[in-house]
Novice: 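Sharing a structure below in C-alpha coordinates format, with a few things to ask.
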Protein chains: 2
Amino acid sequence: MVVFIELDFESKTPIYTQLKHEIIAGIARNEIALGEGLPSVRSLAADLGINLHTVNKAYQQLKQEGFILIHRQKGVVVNPDGVTPADETYYADLKETLRPSIAEAVCRGMSEEDYVSLIQDIFKEFKKGEKK
Amino acid sequence: MVVFIELDFESKTPIYTQLKHEIIAGIARNEIALGEGLPSVRSLAADLGINLHTVNKAYQQLKQEGFILIHRQKGVVVNPDGVTPADETYYADLKETLRPSIAEAVCRGMSEEDYVSLIQDIFKEFKKGEKK
DNA sequence: TTGTCTGTTATACTTATAATATAACAGTTA
DNA sequence: TAACTGTTATATTATAAGTATAACAGACAA
(Lines give C-alpha, C1' and ligand atoms only; values in the text may rest on other atoms or scores of the structure.)
Protein backbone atom coordinates (compact mmCIF):
# COMPACT_ATOMS: atom_id res chain seq x y z
CA MET A 1 0.00 0.00 0.00
CA VAL A 2 2.61 2.47 1.06
CA VAL A 3 5.07 0.71 -1.19
CA PHE A 4 4.92 3.26 -4.00
CA ILE A 5 5.52 6.28 -1.80
CA GLU A 6 9.10 7.47 -1.93
CA LEU A 7 10.36 10.54 -0.13
CA ASP A 8 13.58 12.45 -0.70
CA PHE A 9 14.74 13.92 2.58
CA GLU A 10 17.49 15.85 0.80
CA SER A 11 15.02 17.61 -1.49
CA LYS A 12 14.17 21.25 -0.96
CA THR A 13 10.49 20.59 -1.60
CA PRO A 14 8.75 20.03 1.76
CA ILE A 15 7.99 16.47 2.83
CA TYR A 16 4.24 17.11 3.11
CA THR A 17 4.28 18.44 -0.46
CA GLN A 18 6.16 15.38 -1.73
CA LEU A 19 3.65 13.20 0.08
CA LYS A 20 0.75 15.02 -1.58
CA HIS A 21 2.40 14.60 -4.98
CA GLU A 22 2.98 10.88 -4.43
CA ILE A 23 -0.62 10.26 -3.42
CA ILE A 24 -2.02 12.31 -6.31
CA ALA A 25 0.29 10.45 -8.70
CA GLY A 26 -0.92 7.17 -7.18
CA ILE A 27 -4.52 8.14 -7.90
CA ALA A 28 -3.65 9.29 -11.43
CA ARG A 29 -1.90 5.96 -12.13
CA ASN A 30 -4.86 4.01 -10.73
CA GLU A 31 -2.58 2.47 -8.12
CA ILE A 32 -5.14 3.64 -5.58
CA ALA A 33 -8.73 3.06 -6.63
CA LEU A 34 -11.50 5.58 -6.00
CA GLY A 35 -13.10 4.85 -2.62
CA GLU A 36 -10.10 2.92 -1.43
CA GLY A 37 -8.83 3.56 2.07
CA LEU A 38 -5.53 5.20 2.91
CA PRO A 39 -3.39 4.46 5.97
CA SER A 40 -4.06 6.32 9.19
CA VAL A 41 -1.92 9.34 9.91
CA ARG A 42 -0.09 7.46 12.64
CA SER A 43 0.67 4.27 10.69
CA LEU A 44 1.72 6.12 7.54
CA ALA A 45 3.94 8.41 9.59
CA ALA A 46 5.52 5.38 11.23
CA ASP A 47 6.04 3.56 7.92
CA LEU A 48 7.66 6.61 6.31
CA GLY A 49 9.68 7.51 9.39
CA ILE A 50 8.18 10.97 9.68
CA ASN A 51 5.99 12.83 12.12
CA LEU A 52 2.23 12.35 12.44
CA HIS A 53 1.64 16.06 11.91
CA THR A 54 3.48 16.07 8.61
CA VAL A 55 1.15 13.36 7.30
CA ASN A 56 -1.85 15.16 8.78
CA LYS A 57 -0.89 18.38 7.00
CA ALA A 58 -0.75 16.55 3.67
CA TYR A 59 -4.08 14.83 4.33
CA GLN A 60 -5.79 18.07 5.34
CA GLN A 61 -4.69 19.77 2.14
CA LEU A 62 -5.69 16.79 0.00
CA LYS A 63 -9.09 16.91 1.70
CA GLN A 64 -9.33 20.66 1.14
CA GLU A 65 -8.53 20.15 -2.56
CA GLY A 66 -11.11 17.38 -2.97
CA PHE A 67 -8.81 14.38 -3.46
CA ILE A 68 -9.81 12.52 -0.30
CA LEU A 69 -12.62 12.33 2.22
CA ILE A 70 -12.17 11.84 5.94
CA HIS A 71 -15.01 10.05 7.73
CA ARG A 72 -14.96 9.69 11.48
CA GLN A 73 -15.88 6.05 10.90
CA LYS A 74 -14.30 4.87 7.67
CA GLY A 75 -11.09 6.78 8.13
CA VAL A 76 -9.29 8.33 5.16
CA VAL A 77 -10.66 7.41 1.74
CA VAL A 78 -9.93 8.45 -1.83
CA ASN A 79 -12.91 10.49 -3.00
CA PRO A 80 -15.28 7.87 -4.51
CA ASP A 81 -16.91 10.50 -6.76
CA GLY A 82 -13.54 11.39 -8.24
CA VAL A 83 -11.75 14.68 -7.82
CA THR A 84 -13.43 18.02 -8.50
CA PRO A 85 -13.10 18.42 -12.27
CA ALA A 86 -11.01 21.18 -13.83
CA ASP A 87 -12.80 24.53 -14.15
CA GLU A 88 -11.83 27.94 -15.49
CA THR A 89 -10.16 28.94 -12.23
CA TYR A 90 -8.07 25.80 -12.39
CA TYR A 91 -7.02 26.51 -15.98
CA ALA A 92 -6.07 30.08 -15.06
CA ASP A 93 -3.99 28.97 -12.07
CA LEU A 94 -2.33 26.25 -14.13
CA LYS A 95 -1.38 28.81 -16.76
CA GLU A 96 0.21 31.03 -14.13
CA THR A 97 2.35 28.22 -12.79
CA LEU A 98 3.41 26.98 -16.23
CA ARG A 99 4.34 30.38 -17.66
CA PRO A 100 7.71 30.71 -15.85
CA SER A 101 8.66 27.18 -16.90
CA ILE A 102 7.90 27.90 -20.54
CA ALA A 103 9.63 31.28 -20.45
CA GLU A 104 12.82 29.56 -19.33
CA ALA A 105 12.43 26.87 -21.98
CA VAL A 106 12.09 29.57 -24.66
CA CYS A 107 15.27 31.27 -23.41
CA ARG A 108 17.10 27.95 -23.59
CA GLY A 109 16.08 27.49 -27.21
CA MET A 110 13.69 24.61 -26.53
CA SER A 111 11.12 24.29 -29.31
CA GLU A 112 7.39 24.14 -28.67
CA GLU A 113 7.41 20.68 -30.26
CA ASP A 114 10.06 19.39 -27.86
CA TYR A 115 8.18 20.80 -24.89
CA VAL A 116 4.91 19.26 -26.02
CA SER A 117 6.48 15.87 -26.66
CA LEU A 118 7.94 15.92 -23.14
CA ILE A 119 4.44 16.62 -21.85
CA GLN A 120 3.10 13.71 -23.89
CA ASP A 121 5.78 11.41 -22.46
CA ILE A 122 4.60 12.21 -18.95
CA PHE A 123 0.95 11.68 -19.88
CA LYS A 124 1.90 8.22 -21.13
CA GLU A 125 3.17 7.33 -17.66
CA PHE A 126 -0.38 7.75 -16.36
CA LYS A 127 -2.24 6.23 -19.27
CA LYS A 128 -0.65 2.84 -18.73
CA GLY A 129 -2.65 2.53 -15.55
CA GLU A 130 -5.96 3.02 -17.36
CA LYS A 131 -5.89 -0.55 -18.60
CA LYS A 132 -5.93 -1.96 -15.07
CA MET B 1 12.94 49.57 -18.40
CA VAL B 2 11.57 48.36 -15.11
CA VAL B 3 8.10 49.09 -16.42
CA PHE B 4 7.22 45.48 -17.22
CA ILE B 5 8.22 44.09 -13.82
CA GLU B 6 5.24 43.53 -11.57
CA LEU B 7 5.47 42.00 -8.11
CA ASP B 8 2.70 40.56 -5.98
CA PHE B 9 3.52 41.14 -2.34
CA GLU B 10 0.57 38.98 -1.29
CA SER B 11 1.81 35.98 -3.25
CA LYS B 12 3.33 33.03 -1.44
CA THR B 13 6.10 32.75 -4.03
CA PRO B 14 9.13 34.66 -2.75
CA ILE B 15 9.82 38.13 -4.17
CA TYR B 16 13.26 37.19 -5.47
CA THR B 17 11.69 34.26 -7.34
CA GLN B 18 9.01 36.47 -8.85
CA LEU B 19 11.74 38.89 -9.90
CA LYS B 20 13.70 36.09 -11.59
CA HIS B 21 10.55 34.97 -13.41
CA GLU B 22 9.78 38.48 -14.61
CA ILE B 23 13.29 39.00 -15.97
CA ILE B 24 13.38 35.59 -17.66
CA ALA B 25 9.96 36.30 -19.18
CA GLY B 26 11.26 39.67 -20.35
CA ILE B 27 14.14 37.96 -22.13
CA ALA B 28 11.85 35.31 -23.63
CA ARG B 29 9.52 38.04 -24.97
CA ASN B 30 12.46 39.98 -26.39
CA GLU B 31 11.56 42.94 -24.22
CA ILE B 32 15.15 42.86 -23.05
CA ALA B 33 17.66 42.31 -25.85
CA LEU B 34 20.73 40.12 -25.46
CA GLY B 35 23.64 42.22 -24.21
CA GLU B 36 21.34 44.90 -22.90
CA GLY B 37 22.06 46.32 -19.45
CA LEU B 38 19.86 45.83 -16.41
CA PRO B 39 19.39 48.32 -13.57
CA SER B 40 21.83 48.27 -10.68
CA VAL B 41 20.77 46.35 -7.58
CA ARG B 42 20.24 49.59 -5.70
CA SER B 43 18.20 51.44 -8.30
CA LEU B 44 16.01 48.41 -9.09
CA ALA B 45 15.42 47.83 -5.40
CA ALA B 46 14.43 51.47 -4.97
CA ASP B 47 12.10 51.40 -8.00
CA LEU B 48 10.38 48.23 -6.81
CA GLY B 49 10.26 49.31 -3.19
CA ILE B 50 12.21 46.29 -1.96
CA ASN B 51 15.54 45.63 -0.34
CA LEU B 52 18.86 45.67 -2.19
CA HIS B 53 19.65 42.15 -1.00
CA THR B 54 16.46 40.75 -2.46
CA VAL B 55 17.44 42.06 -5.89
CA ASN B 56 20.99 40.85 -5.39
CA LYS B 57 19.76 37.33 -4.57
CA ALA B 58 17.75 37.23 -7.79
CA TYR B 59 20.70 38.56 -9.82
CA GLN B 60 23.13 36.06 -8.28
CA GLN B 61 20.86 33.15 -9.18
CA LEU B 62 20.25 34.47 -12.70
CA LYS B 63 24.03 34.74 -13.08
CA GLN B 64 24.49 31.22 -11.70
CA GLU B 65 21.95 29.90 -14.21
CA GLY B 66 23.57 31.69 -17.14
CA PHE B 67 20.94 34.31 -17.90
CA ILE B 68 23.05 37.35 -17.08
CA LEU B 69 26.67 38.39 -16.74
CA ILE B 70 28.00 40.77 -14.14
CA HIS B 71 31.06 42.79 -15.15
CA ARG B 72 32.78 45.01 -12.64
CA GLN B 73 32.78 47.70 -15.36
CA LYS B 74 29.67 47.27 -17.49
CA GLY B 75 27.40 46.35 -14.62
CA VAL B 76 24.65 43.76 -15.06
CA VAL B 77 24.04 42.62 -18.62
CA VAL B 78 21.83 40.03 -20.29
CA ASN B 79 24.11 37.27 -21.54
CA PRO B 80 25.04 38.38 -25.10
CA ASP B 81 25.72 34.77 -26.15
CA GLY B 82 22.21 33.74 -25.11
CA VAL B 83 21.36 31.41 -22.28
CA THR B 84 22.96 27.99 -21.87
CA PRO B 85 20.90 25.77 -24.18
CA ALA B 86 18.74 22.95 -22.85
CA ASP B 87 20.62 19.68 -22.26
CA GLU B 88 19.63 16.25 -20.96
CA THR B 89 19.92 17.31 -17.34
CA TYR B 90 17.58 20.19 -18.04
CA TYR B 91 15.04 17.90 -19.70
CA ALA B 92 15.18 15.50 -16.75
CA ASP B 93 14.68 18.27 -14.18
CA LEU B 94 11.85 19.76 -16.23
CA LYS B 95 10.13 16.37 -16.32
CA GLU B 96 10.37 16.08 -12.54
CA THR B 97 8.78 19.46 -11.99
CA LEU B 98 6.01 18.91 -14.54
CA ARG B 99 5.00 15.44 -13.36
CA PRO B 100 3.02 16.57 -10.27
CA SER B 101 1.18 19.16 -12.35
CA ILE B 102 0.17 16.58 -14.93
CA ALA B 103 -0.79 14.01 -12.30
CA GLU B 104 -3.24 16.49 -10.82
CA ALA B 105 -4.58 17.38 -14.27
CA VAL B 106 -5.21 13.68 -14.96
CA CYS B 107 -7.07 13.34 -11.66
CA ARG B 108 -9.21 16.32 -12.58
CA GLY B 109 -10.16 14.72 -15.87
CA MET B 110 -8.22 17.14 -18.04
CA SER B 111 -7.40 15.62 -21.41
CA GLU B 112 -3.91 15.53 -22.86
CA GLU B 113 -5.20 17.65 -25.75
CA ASP B 114 -6.49 20.36 -23.41
CA TYR B 115 -3.23 20.41 -21.50
CA VAL B 116 -1.19 20.66 -24.69
CA SER B 117 -3.34 23.43 -26.12
CA LEU B 118 -2.88 25.39 -22.89
CA ILE B 119 0.88 24.96 -23.32
CA GLN B 120 0.60 26.18 -26.91
CA ASP B 121 -1.35 29.25 -25.77
CA ILE B 122 1.50 30.19 -23.45
CA PHE B 123 4.11 29.64 -26.17
CA LYS B 124 2.18 32.07 -28.36
CA GLU B 125 2.66 34.78 -25.72
CA PHE B 126 6.39 34.56 -26.33
CA LYS B 127 6.37 34.09 -30.08
CA LYS B 128 4.77 37.47 -30.66
CA GLY B 129 8.02 39.02 -29.53
CA GLU B 130 10.04 37.20 -32.17
CA LYS B 131 8.88 39.61 -34.86
CA LYS B 132 10.42 42.60 -33.08
C1' DT C 1 41.77 63.91 -6.50
C1' DT C 2 37.41 63.98 -4.78
C1' DG C 3 32.85 62.30 -5.19
C1' DT C 4 29.67 59.02 -6.78
C1' DC C 5 28.40 55.09 -8.64
C1' DT C 6 29.14 49.88 -9.16
C1' DG C 7 28.92 44.86 -7.19
C1' DT C 8 30.07 42.41 -3.01
C1' DT C 9 30.38 40.97 1.70
C1' DA C 10 29.29 40.92 6.58
C1' DT C 11 26.34 41.25 10.49
C1' DA C 12 21.99 41.45 12.77
C1' DC C 13 17.14 41.28 13.24
C1' DT C 14 12.32 39.87 12.40
C1' DT C 15 8.96 36.96 10.57
C1' DA C 16 7.12 32.81 8.59
C1' DT C 17 7.36 28.00 7.41
C1' DA C 18 8.73 23.14 8.05
C1' DA C 19 9.23 19.42 11.00
C1' DT C 20 9.35 17.25 15.22
C1' DA C 21 7.87 15.95 20.07
C1' DT C 22 4.35 15.18 23.58
C1' DA C 23 0.02 15.28 25.23
C1' DA C 24 -4.69 15.14 25.43
C1' DC C 25 -9.75 14.75 23.77
C1' DA C 26 -13.71 12.56 21.61
C1' DG C 27 -15.58 9.16 18.89
C1' DT C 28 -15.41 4.16 16.92
C1' DT C 29 -15.02 -0.63 17.23
C1' DA C 30 -13.49 -5.25 18.38
C1' DT D 1 -12.26 -2.10 28.65
C1' DA D 2 -8.67 -1.48 25.28
C1' DA D 3 -6.97 -0.06 21.07
C1' DC D 4 -7.71 2.42 17.41
C1' DT D 5 -9.41 6.74 14.69
C1' DG D 6 -8.99 12.00 13.47
C1' DT D 7 -8.28 16.35 15.77
C1' DT D 8 -6.44 19.98 18.57
C1' DA D 9 -3.12 22.31 21.48
C1' DT D 10 1.42 23.60 22.88
C1' DA D 11 6.32 23.85 22.54
C1' DT D 12 10.76 23.53 20.33
C1' DT D 13 14.26 23.55 16.66
C1' DA D 14 15.92 24.75 12.15
C1' DT D 15 15.73 27.01 7.95
C1' DA D 16 14.25 30.53 4.57
C1' DA D 17 12.72 35.19 3.33
C1' DG D 18 13.11 39.88 3.80
C1' DT D 19 14.84 43.99 5.72
C1' DA D 20 18.31 47.26 7.78
C1' DT D 21 22.95 49.14 8.11
C1' DA D 22 27.45 49.28 7.26
C1' DA D 23 31.62 48.83 5.00
C1' DC D 24 35.06 47.61 1.14
C1' DA D 25 37.17 47.90 -3.42
C1' DG D 26 36.96 49.04 -8.13
C1' DA D 27 35.27 52.26 -12.02
C1' DC D 28 34.59 56.76 -13.71
C1' DA D 29 33.41 61.50 -14.44
C1' DA D 30 34.05 66.27 -12.87
Novice: For DNA chain D, whose closest nucleotide is more 5', that of A:Y59 or that of B:Y16?
Specialist: A:Y59

Novice: Whole angstroms only, please: what is the CD1-C1' distance between B:I15 and D:dA20?
Specialist: 15 Å

Novice: Side chain of A:V76: nearest nucleotide among D:dT7, D:dG6, D:dA17?
Specialist: D:dG6

Novice: Please report, rounded to the nearest Å, how far the P atom of C:dT17 is from the CD atom of A:Q61.
Specialist: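 Interatomic distance, CD of A:Q61 to P of C:dT17: 12 Å.
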
Novice: Give the rounded distance in Å between these two atoms: CD of B:Q64 and C1' of C:dG7.
Specialist: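 It works out to 17 Å between those atoms.
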
Novice: Between A:K12 (NZ) and C:dT17 (P), how many Å, whole number?
Specialist: 16 Å

Novice: Say whether, by atom type as modelled, one donor and one acceptor occur between the side chain of A:Q18 and the main chain of A:D8 under 3.5 angstrom.
Specialist: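 Such a contact is found between A:Q18 side chain and A:D8 backbone.
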
Novice: Round to the nearest Å and state the distance from A:I50 atom CD1 to C:dT20 atom C1'.
Specialist: 11 Å

Novice: Any heavy-atom pair between the side chains of B:D114 and A:Y91 that's under 4.5 Å?
Specialist: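 The answer is yes, as the side chains (C-beta and beyond) meet within the 4.5 Å cut-off.
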
Novice: Going by heavy atoms in the side chains, are B:L38 and B:L44 under 4.5 Å from each other?
Specialist: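 B:L38 does not reach B:L44 side chain to side chain.
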
Novice: For the side chain of B:S40, counting heavy atoms from C-beta on, which of C:dT9, C:dT6, C:dT8 is nearest?
Specialist: C:dT6

Novice: Which whole-number value in Å describes the distance from A:N51 CG to D:dA11 P?
Specialist: 17 Å

Novice: Please tell me which of A:V41 and B:T13 maps to the more 5' nucleotide of DNA chain D, matching each residue to the nucleotide holding its nearest heavy atom.
Specialist: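 With A:V41 and B:T13 compared, the 5'-side residue is A:V41.
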
Novice: State whether B:K57 places a side-chain N or O below 4.0 Å from either non-bridging phosphate oxygen (OP1 or OP2) of D:dA17.
Specialist: yes

Novice: Are OP1 or OP2 of D:dG6 and a side-chain N or O of A:Q60 less than 4.0 angstrom apart?
Specialist: no

Novice: Can you tell me which nucleotide in C:dT22, C:dA18, D:dT7 comes closest to the side chain of A:P14?
Specialist: C:dA18

Novice: Which one, D:dT7, D:dT21, C:dG7, comes nearest to the side chain of B:R42?
Specialist: C:dG7

Novice: Can you see which heavy atom on B:L48 is nearest to which on B:F9, and at what distance?
Specialist: O-CZ, 3.8 Å

Novice: Nearest heavy atom decides the nucleotide; on that basis, is A:T17 or B:S43 closer to the 5' end of DNA chain C?
Specialist: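 Nearest-nucleotide comparison on DNA chain C picks B:S43.
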
Novice: Hey, which sits more toward the 5' end of DNA chain C by its nearest nucleotide, A:F9 or A:L52?
Specialist: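 Result: A:F9.
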
Novice: Rounded to whole Å, how long is the line connecting atom CG of A:L48 with atom P of C:dA19?
Specialist: 13 Å

Novice: Pick from B:Y90, B:Y115, B:F123: which one makes a ring-ring contact (aromatic ring centres under 6.0 Å, His included) with A:Y115?
Specialist: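 Running ring-ring contact (aromatic ring centres under 6.0 Å, His included) over B:Y90, B:Y115, B:F123 with A:Y115 returns exactly one hit, B:F123.
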
Novice: With sugar-phosphate meaning primed atoms plus P, OP1 and OP2, does A:H71 contact a base, only sugar-phosphate, or nothing at under 4.0 Å between heavy atoms?
Specialist: nothing

Novice: May I ask you to say what A:Q18 touches in the nucleic acid, namely base, sugar-phosphate or nothing, with a heavy-atom cut-off under 4.0 Å?
Specialist: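 Nothing, no nucleic acid heavy atom in range.
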
Novice: From C:dT9, D:dT7, C:dA19, pick the nucleotide closest to the side chain of B:H53?
Specialist: C:dT9

Novice: Output yes when a side-chain donor or acceptor of B:E36 lies under 3.5 Å from a complementary backbone atom of B:V78, and no otherwise.
Specialist: no

Novice: Taking 4.0 Å as the cut-off, does a side-chain nitrogen or oxygen of B:T54 come that near to OP1 or OP2 on D:dT19?
Specialist: yes

Novice: Measure from CG on B:N56 to P on D:dA17 and round the result to the nearest Å.
Specialist: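 To the nearest whole Å, that distance equals 14 Å.
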
